[in-house]
Undergrad: 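What follows is a single structure, and I will ask about it in a moment.
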Amino acid sequence: MGVGLAAPQIGHAKAVFVTVVDGIPEAYITPTCRSVGDERTVLRELCLSAGVMWCDVVRPAAIRLDWTDIDGTAQAQEFDGRPARVLQHELDHLHGILNLDRAEPGTIAFVDGDPKLQQLRPAP
């Protein structure tokens, strides 16, 4: 069900996470991130670490990520849309932050729908 997993989620204090976006697996070693532009979006996020709870989270719509790949090559790329969202979510895990920690007030709830059907929305 998940699209990413960070090393701290499985008990390893390493700055590494993996994602599977559009069926493509990718590893990110020592990633750093910055937002690109001022636009923000909202998505009801689910997390393997949060169990059956989800919430609305506001995040930058586009980011630039710098990381090292599994071959030891430095990478840098801009991402937007759902890939940007997934990367920011996994990066938060490297800092001990869960989606519930970033929940918009009053939006934490039991999962009552299909997470794959959630759509990005403009932030208020």
Undergrad: Would you check if Thr68 and Gln75 make a side-chain contact, meaning some heavy-atom pair closer than 4.5 Å?
TA: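 No. Closest side-chain heavy atoms not under 4.5 Å.
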Undergrad: Decide side chain to side chain contact (heavy atoms under 4.5 Å, CB included) for Ile29 and Trp67; before the verdict, give the C-alpha distance in whole Å, the side-chain angles of both, and the deciding distance to 0.1 Å.
TA: CA-CA 6 Å; Ile29 303 167; Trp67 76 96; 5.9 Å; no
Undergrad: Once you measure the plane-to-plane angle for Tyr28 and Phe79, does it fall in the parallel (<30°), tilted (30-60°) or perpendicular (>60°) bin?
TA: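 Tyr28 and Phe79: perpendicular rings.
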Undergrad: With a 4.0 Å cut-off, would you call Asp22 and Arg82 a salt bridge?
TA: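 So Asp22 does not pair with Arg82 through a salt bridge.
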Undergrad: Check whether Val52 and Trp54 end up in the same hydrophobic cluster, where Ile, Leu, Val, Met, Phe, Trp and Tyr are linked by side-chain heavy atoms less than 4.5 Å apart.
TA: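 Val52 and Trp54: separate clusters.
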Undergrad: If hydrophobic clusters are built from ILVMFWY residues whose side chains come within less than 4.5 Å, do Leu48 and Ile10 share one?
TA: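 Yes; Ile10 is reachable from Leu48 via cluster members.
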Undergrad: Is there a side-chain contact between Val42 and Pro122, using heavy atoms and a 4.5 Å cut-off?
TA: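 No, every pair of side-chain atoms sits at 4.5 Å or beyond.
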Undergrad: Is any side-chain heavy atom of Glu78 closer than 4.5 Å to one of Ile63?
TA: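 Result no, sub-4.5 Å side-chain heavy-atom pair not found.
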Undergrad: Could you tell me if Thr107 and Arg44 have a donor-acceptor pair between their side chains, going purely by distance under 3.5 Å?
TA: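 Not at all, the side chains of Arg44 and Thr107 share no donor-acceptor pair under 3.5 Å.
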Undergrad: So does Pro115 get a backbone contact from the side chain of Gln118, meaning a donor-acceptor N/O pair under 3.5 Å?
TA: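 No, because the side chain of Gln118 does not come within donor-acceptor range (under 3.5 Å) of the backbone of Pro115.
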Undergrad: Hey, any chance Leu91 and Val16 share a hydrophobic cluster, counting ILVMFWY side chains that come within less than 4.5 Å of each other, even indirectly?
TA: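 As far as the 4.5 Å side-chain criterion goes, Val16 and Leu91 are not connected within one cluster.
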Undergrad: So for atom CD1, which belongs to Ile97, do other residues, nucleotides or ligands contribute more than 12 heavy atoms lying within a distance under 6.0 Å?
TA: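 It does: Ile97 CD1 has more than 12 such atoms within range.
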Undergrad: Taking all heavy atoms of Ala103 and all of Ile108, pick out the closest pair and write down the distance.
TA: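 Ala103 and Ile108 have their closest heavy atoms at CB-CG1, 3.6 Å.
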Undergrad: Between Asp80 and Arg85 (salt bridge meaning N to carboxylate O under 4.0 Å), is one present in this structure?
TA: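 No, Asp80 and Arg85 are not salt-bridged.
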Undergrad: With distance as the sole criterion, is a donor-acceptor pair present between the side chains of Glu26 and Thr19 under 3.5 Å?
TA: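 No, because no side-chain N or O of Glu26 sits under 3.5 Å from a partner of the opposite role on Thr19.
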Undergrad: If we ignore hydrogens and angles and just use 3.5 Å, is the side chain of Asp71 paired with the main-chain N or O of Thr73 as donor and acceptor?
TA: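 Side chain of Asp71 to backbone of Thr73: no pair is present.
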Undergrad: Is there a side-chain contact between Thr41 and Val58 in this structure, where contact means two heavy atoms from C-beta onward sitting under 4.5 Å apart?
TA: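 No; the side chains remain at least 4.5 Å from each other.
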Undergrad: Using the side chain to side chain contact (heavy atoms under 4.5 Å, CB included) rule, take Asn99 and His89 through it: C-alpha gap first, then chi angles, then the decisive distance, then the call.
TA: CA-CA 7 Å; Asn99 62 323; His89 179 107; 3.9 Å; yes
Undergrad: For a quick test of reading the model, state the closest non-hydrogen atom pair linking Glu90 to Ala6 and the distance between them.
TA: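 Reported closest heavy-atom pair: OE1-N, 3.4 Å.
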Undergrad: Check this for me, if you would: do Asp66 and Arg64 make a salt bridge, where the nitrogen-to-carboxylate-oxygen distance has to be below 4.0 angstrom?
TA: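 Yes.
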Undergrad: Report the distance from atom SG of Cys55 to atom CG of Leu43, rounding to the nearest 0.5 Å.
TA: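 One gets 9.5 Å once the value is rounded to the nearest 0.5 Å.
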Undergrad: Quick one, Val36 and Pro60 - any side-chain contact, counting heavy atoms below 4.5 Å?
TA: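 Of all side-chain heavy-atom pairs linking Pro60 with Val36, none is under 4.5 Å.
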Undergrad: Taking side-chain contact (heavy atoms from CB on, under 4.5 Å) as the criterion, tell me which of Val86, Leu100, Leu98, Val57 meets it with Glu45.
TA: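 Of the listed residues Val86, Leu100, Leu98, Val57, the side-chain contact (heavy atoms from CB on, under 4.5 Å) partner of Glu45 is Val57.
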Undergrad: As an exercise, state the distance from CG of Asp92 to SG of Cys33, rounded to the nearest 0.5 Å.
TA: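 Output value for this atom pair is 9.0 Å.
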Undergrad: Taking side chain as C-beta onward, heavy atoms only, is His93 less than 4.5 Å from Cys47?
TA: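 Yes; the side chains approach each other to less than 4.5 Å.
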